[in-house]
Structure formats: C-alpha cells, structure tokens
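In this text the structure is predicted, and so the values were computed from the model without any measurement. Naming convention: chains lettered A, B, ... in sequence-line order (proteins, then strands); numbering from 1 in each chain.
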Protein chains: 2
Amino acid sequence: MSLDLRKIRILQAIIDDYILTASPVGSRAISKHPDINLSSATIRNEMSDLEEYGYLEQPHTSAGRIPSDKAYRYYVNSMMQRAMLTEDELKFIEQHFSRTVDDADKIIRQTAMVLSDMTNYATMVLPPNPSAIRLRRIELVPVTDGKALVVIVTNLGVSSDTLIRIPKGITADRLHQLSNMLTDNFANCRIEDITANKIALMTDILGSGKEYIDEMLARFKGTILTNKSNVEFFGTSKLLDYPEYSDVDKAKALLDTIERKDSFKTAISGASNLEFSITIGSENNDPIIKDCSVVTATYRVSGEKLGSLGVIGPTRMDYSRVLALLEHFGKSLGTVLTNMIDEENN
Amino acid sequence: MSLDLRKIRILQAIIDDYILTASPVGSRAISKHPDINLSSATIRNEMSDLEEYGYLEQPHTSAGRIPSDKAYRYYVNSMMQRAMLTEDELKFIEQHFSRTVDDADKIIRQTAMVLSDMTNYATMVLPPNPSAIRLRRIELVPVTDGKALVVIVTNLGVSSDTLIRIPKGITADRLHQLSNMLTDNFANCRIEDITANKIALMTDILGSGKEYIDEMLARFKGTILTNKSNVEFFGTSKLLDYPEYSDVDKAKALLDTIERKDSFKTAISGASNLEFSITIGSENNDPIIKDCSVVTATYRVSGEKLGSLGVIGPTRMDYSRVLALLEHFGKSLGTVLTNMIDEENN
DNA sequence: TTTAGCACTCCCGTATCATGAGTGCTAACA
DNA sequence: TGTTAGCACTCATGATACGGGAGTGCTAAA
C-alpha cells in the first residue's frame with residue numbers, strides 16, 4: 001500500500017492544486033506540472049490507482065479528482081514540509097506581540113484574532129489546562145461581618161475571587177491566620193491535588209474554619225473547571241469565503257455547530273496532550289464538520305503546557321503554512337505570557 | 001400624509017404577511033384577508049397610494065409589494081400592539097431564571113442565549129454602563145514584598161483585581177490603613193467621580209501612598225472603561241435561516257460586520273438612554289446592516305439602568321413579539337441580578 | 001367609489017442543447 | 001513492459017428559449 005515516488009509526486013501535485021483552487025483536478029493539469037513529465041494518459045492510470053488505494057475521490061465520472069481525507073493524512077504525516085514565514089510576516093507578528101497589554105486573556109484573544117486574519121481561517125482558543133495551574137497564595141479578606149472575599153493567586157496570576165459566607169464574629173486576625181495556613185498547605189499544589197482527604201487532615205489545624213474552607217475550595221474548583229468548556233472562536237465567518245460553504249444551509253450547519261462548541265472534543269482532547277494535533281475531516285466525530293480540519297498547537301508558560309490555539313478550516317487547508325504560523329504564534333505567546341507572569345511574581 | 005383607517009388596515013395586513021413569508025404580497029392575497037372586504041382592484045389602488053407615500057416598495061413590476069423601512073417605523077410607532085407571551089413561554093423563561101448560577105456575567109450571557117433561541121434571531125449583550133457602577137470597598141492585600149493585590153468591590157460584586165507595585169517595606173498594617181482611607185473616601189462614588197483632583201486632595205492623608213494609589217485607580221478605570229466595547233453576540237448564525245441572507249456573500253458581509261462589532265453604535269448609543277430602542281434598517285449607520293433591525297431593552301439593577309439586551313434580525317422581524325420578550329427578559333434579569341447583589345452585600 | 005375585465009410585465013422553473021473538461025479503454029510505440 | 005496517442009463516452013455547466021403564473025395598471029361599467 002505504500003506509494004512509489006511517482007505516485008507521491010502526483011498526489012502532491014493534486015493536493016497542491018486542489019488546496020489552491022478547490023476544484024477537482026484532472027490528469028491534463030497535472031501533466032503540465034513542471035516536476036512531472038508524463039502524458040495525461042499515464043497520469044490517468046496513476047490516478048486510477050490512487051483512487052483504488054483510497055487517496056483520491058471522484059465527484060462524478062468526467063470530473064477530475066479530489067484528495068480524500070486519507071490523502072491529506074498521508075500528506076501531513078509523510079509528505080509535507082514546513083513552510084517558512086516571510087520576513088514581512090515575522091515582522092508583523094513580532095509587532096503584534098510587542099504591543100503591551102497587561103491582561104493575559106486579552107493577549108490570548110488578540111493573538112487568536114491575528115492568527116485568524118493571517119490564515120483567513122477560523123481560530124479557537126482552548127483555555128488553560130487545569131493541571132497547569134498551581135496555587136500560590138490564598139487570601140481571605142473580610143468584607144462585611146459574615147462575608148469574606150477569597151482571593152486565590154495562582155502561577156497564572158489572580159484567577160478567582162468569590163465571596164463566601166463565614167460565621168459572624170470572626171476577626172480579621174483569625175482570617176489572616178487561616179489564609180496563611182491555607183497558603184502554607186496548598187502552595188504549589190495543582191488544583192486536582194486539593195482533595196477532601198487533604199482538607200480533612202487539616203481539620204485540626206483549621207479548627208472552626210473547616211466548613212467554609214470547604215465551600216471556598218469547592219467553588220474555586222468549580223470556576224476553574226467550568227472554564228474548561230470555554231472554548232472561544234474567532235473569525236468564524238471567514239469560513240463562508242470558501243466554496244465548500246457556498247451553500248447557505250451547509251454554512252449555517254457549520255456555524256451552528258461551532259457556536260454550540262461541544263463538537264470539537266476530538267480535536268480538543270488531542271490538543272491537550274500533544275504539541276500539535278491535526279484532525280482531518282471525518283476524523284472529527286461530528287459529521288457536520290466532516291469537511292473541516294482542525295489544527296491545534298499548545299503554548300507553554302514557564303515550560304508547562306498551558307492552553308492551545310487552534311485553526312479551523314476546510315480540509316483542503318494550507319496545512320504547511322498553518323502549522324508554521326501556529327508554531328510561531330505558540331512560541332511567541334508562551335514567551336510573552338511567561339515574561340508577564342514572571343514580572344508579576346517578583 | 002396621515003393614513004386613513006382603511007390604508008392602515010391594508011398596510012398592517014401587508015406587513016403581517018410579509019413578516020411571515022418574506023415574499024412580496026399582492027393585492028389578491030390581501031383581498032382574501034378576513035378583516036378586509038374589498039376587491040383586489042380596490043386594494044391595488046390603495047397599495048399604489050401607499051407606495052406613492054413611501055410605505056411600500058415594489059421589487060419589480062408584476063411583483064407584489066414589500067413594506068419599506070418607513071412602513072415598519074410607522075408600524076412600530078403607531079400600529080403595533082404588544083404581543084402576549086403564552087403560558088408555556090412564561091413558564092419556560094421562569095424556569096431559566098430559577099436555575100441558580102452565582103456569576104452575574106454568566107447569567108446575562110445565558111439569558112441572551114435563551115432569548116436568541118426563543119426569537120430565532122441573533123442577540124447581543126451590551127455591558128454595564130460605567131456610571132451605574134459604584135464603589136463599595138477598596139482593599140489592598142499584600143502579596144509579596146513590593147507587590148499588592150487591589151480588590152475593588154462594587155455594587156455589582158467584585159469587579160476588578162490587579163497587582164500593583166508598591167514600595168518595598170510597607171507593612172500590612174499600613175496597607176490596611178490605606179485601604180480604609182480609600183474606602184472611606186470613595187465609598188458610593190461612581191467611577192467617573194474619581195478625579196485626579198480628588199486624589200490630590202487626599203495626598204496629605206495618604207502620605208507616601210499617593211503614587212501607587214494613582215496607578216491603581218488608573219488601572220481600575222481602564223479595565224472598567226475598556227469593558228465598554230465588549231459587546232457580545234449570540235446566535236448570529238441563526239440569521240442565515242432567513243431568505244434575506246440566502247446569498248452567501250450577503251450573509252458573510254453581515255456576519256463579518258457583526259463580528260467586527262463596531263457597527264452597532266447607533267443602536268447601542270440609543271440603547272443606553274432609552275428603556276427600549278428600535279433601529280430599523282437604514283436607520284442604522286452601516287449600509288451592510290441596512291436590512292437588519294436592532295431592538296434593545298435596558299435592564300435595571302436596584303432601580304439603576306445597568307446594561308442592555310438586544311435582538312438583531314431582518315427588518316421584517318416580529319417586532320411585537322420581540323418587544324414582549326425583551327421586556328419580560330429585561331425585567332426578570334433585573335430582578336435576578338438585584339437579588340443576587342443584595343444577597344452578596346449583606 | 002368600487003369592481004370586473006383585460007392586456008401587459010416579468011420572475012421563475014423547466015427543458016433543451018451545445019460545450020468542454022475529463023475519463024477509461026484500446027492499440028500502437030519505444 | 002511501460003508510455004502515449006487517439007477516441008468514444010460521460011456529465012456538469014451555462015446559455016437560450018419557453019410557458020405558466022402571479023401581479024399590476026388601466027378602463028369602463030355597476
């Protein structure tokens with residue numbers, strides 16, 4: 001089943017052409033390709049083979065052929081070479097990151113927008129992986145008698161503040177004391193390390209505090225974890241540019257799916273583990289996005305995988321360029337965030 | 001130029017029909033209307049008049065007629081009666097608001113989503129009007145030596161927290177003292193009441209604190225005010241359902257415009273002043289949304305106008321139902337938020 | 001003032017047809 | 001034996017024509 005060099009060349013030419021034009025490519029067009037010196041008849045034979053192997057599909061007799069998902073997969077795994085970004089592009093990206101904004105979320109979002117503009121595909125931002133979050137400090141601040149504000153400082157900056165009910169009559173000193181205990185016990189913990197068990201062990205130290213500490217940590221875990229589903233999308237309407245979606249019903253189905261957000265699980269779950277993940281067409285679970293591909297890259301803060309950026313486009317997307325851009329954006333984003341957090345922490 | 005009763009009836013019938021079907025309505029269809037006992041020929045004469053006055057338009061000879069923006073305006077101002085929501089709808093809405101979520105932003109967003117689902121139009125949320133925000137409490141929490149966390153509690157709950165640089169060596173007690181001073185001076189102030197002037201007056205009280213207090217307040221104002229442009233949209237892809245946007249290019253132009261967000265200024269600026277605002281078709285500044293109407297309603301928290309909800313649909317939207325829904329949602333949302341904030345505050 | 005009647009307009013869906021890009025197959029060629 | 005030229009065949013696409021139908025405006029009669 002492995003392809004000989006000539007078949008690979010032909011397949012490459014077909015894919016390149018199809019990515020560019022979105023219309024089925026015929027044998028004659030390929031025979032004109034500078035790298036390929038064969039008559040259209042020969043190409044036809046080869047294409048017939050490639051179709052038999054499952055790399056090509058024919059919309060109908062007497063049309064050219066289009067690459068199958070399998071072809072893209074093969075292309076991505078074995079054939080593609082990483083594109084180089086141009087000077088101008090690099091400069092443009094650098095310029096984007098040099099604008100100083102001091103809100104991490106905003107930077108991430110703006111990055112996704114720029115990425116969308118540069119690729120002309122839709123992009124998405126996957127929120128920080130909860131296990132990358134480490135507690136730094138827990139502070140209970142009295143607000144009114146009976147209410148305290150919980151401020152939890154994490155390695156990513158302040159990440160949660162909620163009001164909790166506390167028994168009346170607790171003094172500021174006592175709260176301060178509790179804060180210190182909690183900080184001592186949980187500093188550098190991951191969020192999933194905070195177990196009921198551990199809290200129970202602290203009961204004797206905490207004394208009367210236990211009940212509201214429980215509430216507080218539960219809420220904190222809650223907000224961090226619900227955050228998980230907060231995928232955000234940008235530039236989705238760009239997908240309407242592509243002839244794949246010149247049918248309004250198809251377009252609507254796609255945008256609906258994106259807006260509902262829960263259909264990118266395959267891509268997303270892959271994303272959290274891998275440096276890059278590429279999900280092509282029908283590899284997605286949802287049949288609605290079966291002619292979309294999703295490419296994601298994680299970005300790291302202080303060496304730790306934090307979240308990911310993703311690009312959503314038609315299966316015939318320019319994988320090579322997208323990967324190059326994602327890699328570059330991922331790295332720059334990581335650096336900027338790392339610097340920002342370092343600066344905040346000392 | 002004022003219309004006699006018969007013309008009004010006919011116009012009403014045309015509008016009703018057109019809202020329903022989106023296709024030009026002819027004289028014969030109207031003559032069959034139960035309320036109207038006239039031959040199609042008579043209707044034709046009347047329609048001809050209505051066209052002359054500018055209430056109707058004809059896509060081409062031998063087509064029926066469609067209401068103009070002027071007609072919708074007249075309809076909305078003088079003819080429309082508020083729709084009643086059904087029992088089921090009321091129940092459904094109540095059910096939505098009874099689910100307890102303790103995050104105000106999340107409630108507002110979910111409300112916008114439900115509103116979008118019930119109307120099948122796109123909806124938007126305009127963020128709180130900054131002048132509705134009042135400070136309750138300012139708290140400086142030491143984090144590391146040289147860094148403090150600023151927590152500002154407002155009448156809408158905790159609304160900002162930033163790390164600021166402070167001179168090294170300041171004691172927790174001193175910070176606490178500063179917090180109290182700031183709270184005493186600014187409690188119940190609006191954000192725009194915090195002027196450089198007032199801070200200058202406090203210099204003698206604050207002593208060495210002044211510089212970083214300046215930084216802090218500037219940042220706070222910044223985050224509140226940048227919030228202003230944060231319009232959020234929901235269910236935008238629903239607009240693709242309507243034949244107005246069966247052309248992909250038109251659809252893309254619309255969605256692009258929505259995503260770029262800055263084109264709803266007319267509607268938005270109206271929204272912040274009025275209880276309801278209705279912007280019909282070409283009354284919008286941007287020609288791209290010239291066949292969209294935007295209806296907004298403000299919601300109040302503790303009697304004060306906080307933000308608004310908006311509905312975006314084709315000009316032939318069901319204004320009556322949309323207004324009824326907006327009114328109901330606005331009120332319920334206000335109540336829920338008011339309760340939530342009251343509960344948090346004591 | 002209303003209405004019936006009629007000629008006229010024009011969109012729209014369908015059918016027809018020519019065109020052209022593309023294929024598969026066969027036979028000849030190197 | 002692999003490659004290529006040639007040819008018949010397929011089928012989407014776009015242009016054109018055409019009939020039907022919904023709608024109009026006008027005129028004349030009720």
Not counting sequence neighbours, which residues clear side-chain hydrogen bond (donor to acceptor under 3.5 Å, both in side chains) with [X]? List them please.
{"X": "Arg316(A)", "result": "Glu244(A)"}
{"X": "Asn120(B)", "result": "Asp241(B), Tyr242(B)"}
{"X": "Thr42(A)", "result": "Ser39(A)"}
{"X": "Arg6(B)", "result": "Glu46(B)"}

Assess the residue pair Ser293(B) and Tyr319(B) against the criterion (side-chain contact (heavy atoms from CB on, under 4.5 Å)); give the C-alpha distance rounded to whole Å, side-chain angles, the decisive distance to 0.1 Å, and a yes or no. CA-CA 9 Å; Ser293(B) 286; Tyr319(B) 293 97; 2.7 Å; yes
Specify the separation, in whole Å, of atom [atom1] of [X] and atom [atom2] of [N].
{"X": "Lys7(B)", "N": "dT1(C)", "atom1": "NZ", "atom2": "C1'", "result": "12 Å"}
{"X": "Ile30(B)", "N": "dG23(D)", "atom1": "CD1", "atom2": "C1'", "result": "13 Å"}
{"X": "Asp4(A)", "N": "dT1(D)", "atom1": "CG", "atom2": "P", "result": "17 Å"}
{"X": "His60(B)", "N": "dG23(D)", "atom1": "NE2", "atom2": "C1'", "result": "9 Å"}
{"X": "Glu57(B)", "N": "dG23(D)", "atom1": "CD", "atom2": "C1'", "result": "17 Å"}

Salt bridge (charged side-chain N to carboxylate O under 4.0 Å, His left out) contacts in which one or both residues fall within residues 79-89 of chain B, not counting sequence neighbours: Arg82(B)-Glu327(B), Glu89(B)-Arg321(B)
Suppose the criterion is salt bridge (charged side-chain N to carboxylate O under 4.0 Å, His left out): which pairs have a residue in residues 23-37 of chain B, not counting sequence neighbours? none
Using side chain to side chain contact (heavy atoms under 4.5 Å, CB included) as the criterion, list what pairs up with Ala253(A), not counting sequence neighbours. Ile288(A)
Any Thr42(B) side-chain nitrogen or oxygen under 4.0 Å from OP1 or OP2 of dT2(C): no
Take the C1' atoms of the five end pairs on each side of the helix from dT1(C)-dA30(D) to dA30(C)-dT1(D), derive the two axes, and give their angle rounded to 10 degrees. 20°
Closest-nucleotide 5' rank along DNA chain C - winner of Pro59(B) and Leu38(B): Leu38(B)
Between N or O atoms, less than 3.5 Å apart, protein on one side and nucleotides 14-25 of chain C on the other: list the pairs.
from, atom 1, to, atom 2, distance (Å)
dG22(C), O3', Ala63(A), O, 3.4
dT23(C), OP2, Ser27(A), N, 3.1
dT23(C), OP2, Ser27(A), OG, 2.6
dG24(C), OP1, Arg65(A), NH2, 2.5
dG24(C), N7, Arg44(A), NE, 3.0
dG24(C), O6, Arg44(A), NH2, 3.2

